[in-house]
Amino acid sequence: MCIWGGFTLTARLNAIWQISAWDIVALRFSLAFLILMPILIYRKEASFLLKKESFILAMIGGVVYCLFAYSAFHYAPTAHAAIFLNGCIPLCTAVMAYFLMNQAFDKHTWISLSIMIAVLCLMSVLMYQETGVAFGAGDVLFFISAILWGIFTVLLRKYQLSAWQAMCGVAIWSAVVYVPIYLLFLPKNLTVPEPQHLLFQTLFHGVFVVIIATLTYVEAIKRLGAFKAGSITNLAPFIAAILAVPLLNETLSLAMVCGLIGMAIGALQPWRWLQHQDSLAIKLEEQKKQS
C-alpha cells in the first residue's frame with residue numbers, strides 16, 4: 001500500500017521536477033531490465049518470454065499504460081489520479097471482464113457501478129460550476145489509463161501467468177520495444193531535472209513499483225484474499241491525495257472531496273466488510289455453542 005500510494009505522489013513529482021513521461025518510462029523499464037534479465041538467464045527461465053501472452057501484457061500494461069498515466073500527472077493533480085485512475089480501475093476491470101471473458105456483474109459490482117456513475121455526474125456538475133470545464137485533459141488520460149489497466153488485469157487472469165512471469169514479461173518486453181524507439185525517435189529532457197531527482201525516480205519506479213509491489217501484492221492476496229488485499233491497495237491513492245495537500249501544496253475543491261469520498265466507497269465496497277464481519281461473528285458464536 002505504501003508503494004502504490006508513493007507511486008501516485010512520485011508520479012506527480014515527475015511533473016514538478018520536469019521529468020517527462022517519455023524519460024521516466026525509459027528509465028523505469030531500463031533499470032528493471034538490467035536487474036531481471038540476468039536473473040532469468042542465470043536461472044534458465046527466459047523461455048516464457050517467447051510466448052505472445054507476455055508481449056501483449058507488456059504492450060498494454062507496460063508501455064501504453066505507463067505513457068498515458070505518467071502523462072496525465074502533467075495535466076492534473078494527485079486527487080484527480082485517485083478518482084479517475086485508481087477509483088475507476090475496479091469499474092473498468094469489471095466492464096472489461098464482461099466483454100473479454102463474459103463474466104457477469106454480481107450485485108456488489110452493480111452497486112459500485114451505480115455509486116461511481118452518480119459520483120462522476122455530481123463531480124462534472126460541481127467542476128463545471130467551479131472552473132467552467134467538466135473534465136480536463138488529465139482526467140481523460142487517467143480514465144484511459146484505468147481502461148488499459150482493466151484490460152491488463154483481465155488478460156492477466158485469462159492467461160494465468162505466475163506473478164514472476166507476468167512481472168518479468170512486462171518489464172523486459174517493455175524495455176526491448178520501448179527503449180530503442182525512445183533513443184532513436186522520442187524527445188529527451190534528461191539534462192533539465194536535477195540528477196538526484198532522476199536517480200530517485202528511477203530507483204523507486206524501476207525497483208519498488210515494477211518488482212517489489214507486484215510480488216508483495218500477490219503474496220498479500222494469498223494470505224488475505226483478493227478482496228481484502230485489493231481493498232487495502234485501492235485505499236493507498238486516496239490517502240496519497242490527502243497527503244498531497246501538505247506535501248505538494250495541492251488544493252482540494254468541493255468537487256474533488258465529493259469525488260474522493262464517493263469513488264472510495266465504490267472502489268472499496270465497505271458493505272462487504274460489514275457482511276464479512278457479520279458472518280465471522282455468526283461463525284464464532286456457533287463455535288462457542290458447539291464447545
Side-chain angles (χ1 to χ4, degrees), residues 1-29 31-32 61-62 65-90 123 136-146 148-149 171 189-190 192-217 220 229-253 255-264 267-268:
M1 186 183 75
C2 293
I3 293 174
W4 285 120
F7 167 82
T8 306
L9 292 172
T10 56
R12 180 59 177 167
L13 277 176
N14 281 327
I16 298 174
W17 291 345
Q18 302 182 57
I19 302 175
S20 71
W22 308 113
D23 295 331
I24 190 60
V25 173
L27 294 171
R28 161 186 173 140
F29 288 121
L31 179 60
Y65 166 78
C66 287
L67 288 175
F68 273 97
Y70 284 122
S71 297
F73 281 99
H74 287 262
Y75 298 97
T78 308
H80 289 240
I83 295 168
F84 294 100
L85 175 58
N86 301 96
C88 290
I89 281 178
M123 278 189 58
D139 302 329
V140 175
L141 292 174
F142 279 134
F143 187 71
I144 294 174
S145 302
L148 291 168
W149 193 257
N189 194 41
L190 296 175
V192 175
E194 296 292 332
Q196 62 268 26
H197 292 166
L198 285 173
L199 178 61
F200 169 78
Q201 295 285 22
T202 302
L203 289 174
F204 183 81
H205 291 272
V207 176
F208 286 86
V209 175
V210 175
I211 299 175
I212 299 177
T214 303
L215 296 179
T216 51
Y217 180 60
S231 298
I232 293 172
T233 305
N234 280 331
L235 184 62
F238 296 96
I239 296 175
I242 297 173
L243 292 176
V245 175
L247 295 179
L248 304 180
N249 294 321
E250 295 185 355
T251 59
L252 288 178
S253 64
M256 289 298 102
V257 172
C258 292
L260 285 171
I261 295 173
M263 297 301 283
L268 302 177

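Residue indices begin at 1 and follow the sequence shown.
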Colleague: At their closest point, which heavy atom of D139 faces which heavy atom of A76, and how far apart are they?
Modeller: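 Smallest interatomic distance, heavy atoms only, reads OD1-CB, 4.2 Å.
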
Colleague: What's the spacing between I83 CD1 and I261 CD1 if we round to 0.5 Å?
Modeller: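 Here the rounded value is 10.0 Å.
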
Colleague: Working to the nearest 0.5 Å, report the span between CG of L9 and CD of E250.
Modeller: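 Between atom CG of L9 and atom CD of E250 there are 8.5 Å.
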
Colleague: Have a look at Y70 and tell me which of Y75, F7, W22 forms a ring-ring contact (aromatic ring centres under 6.0 Å, His included) with it.
Modeller: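 Per the ring-ring contact (aromatic ring centres under 6.0 Å, His included) rule, the option paired with Y70 is F7, out of Y75, F7, W22.
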
Colleague: Shortest non-hydrogen contact from A32 to A171?
Modeller: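 So the minimum-distance heavy-atom pair works out to CB-CB, 3.9 Å.
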
Colleague: Can you list the residues that meet the side-chain contact (heavy atoms from CB on, under 4.5 Å) rule with A81, with sequence neighbours excluded?
Modeller: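 A81 satisfies side-chain contact (heavy atoms from CB on, under 4.5 Å) with T8, F73, F142 only.
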
Colleague: With sequence neighbours excluded, tell me which residues meet side-chain contact (heavy atoms from CB on, under 4.5 Å) with V207.
Modeller: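 Partners of V207 under the side-chain contact (heavy atoms from CB on, under 4.5 Å) test: L31, I35, I212.
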
Colleague: Taking atom CG of L243 and atom OG1 of T78, what is their separation to the nearest 0.5 Å?
Modeller: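 With rounding to 0.5 Å, CG (L243) is 9.5 Å from OG1 (T78).
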
Colleague: Please report the closest heavy-atom contact between L252 and A79, naming both atoms and the distance.
Modeller: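 So the minimum-distance heavy-atom pair works out to CD2-CB, 3.5 Å.
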
Colleague: How long is the gap from NE2 on H80 to CZ on R12, to the nearest 0.5 Å?
Modeller: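 If I round to the nearest 0.5 Å, the distance is 9.0 Å.
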
Colleague: Would you name the heavy atoms of F29 and C66 that are closest together and state the gap between them?
Modeller: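 For F29 and C66, the tightest heavy-atom pair comes out as CZ-SG, 3.8 Å.
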
Colleague: So which atom in L260 and which in A241 form the shortest heavy-atom distance, rounded to 0.1 Å?
Modeller: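 Between these two residues, the closest heavy atoms are CD2-CB, 3.9 Å.
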
Colleague: Going by side chain to side chain donor-acceptor pair (under 3.5 Å), name the residues that satisfy it together with S20, two or more places apart in sequence or in a different chain.
Modeller: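 Side chain to side chain donor-acceptor pair (under 3.5 Å) check on S20 returns D23.
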
Colleague: How would you list, by chain and number, every residue that makes a side-chain contact (heavy atoms from CB on, under 4.5 Å) with F143, sequence neighbours excluded?
Modeller: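 Testing F143 for side-chain contact (heavy atoms from CB on, under 4.5 Å), a comparison that skips the adjacent residues, returns C88, C92, I147.
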
Colleague: Under 3.5 Å, side-chain donor or acceptor atoms of residues 193-204 against the rest of the protein: list the pairs with distances, not counting sequence neighbours.
Modeller:
residue	atom	partner	partner atom	Å
Q201	OE1	H205	NE2	3.0
Q201	NE2	T10	O	2.9
Q201	NE2	N14	OD1	3.0
T202	OG1	L198	O	2.7

Colleague: Measure the spacing between CZ of F208 and OG1 of T216 and express it to the nearest 0.5 Å.
Modeller: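 Between F208 CZ and T216 OG1, I get 10.5 Å after rounding to 0.5 Å.
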
Colleague: Does R28 have any salt bridge (Lys or Arg N to Asp or Glu O under 4.0 Å) partners at least two apart in sequence or in another chain, and if so, which?
Modeller: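 Partners of R28 under the salt bridge (Lys or Arg N to Asp or Glu O under 4.0 Å) test: none.
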
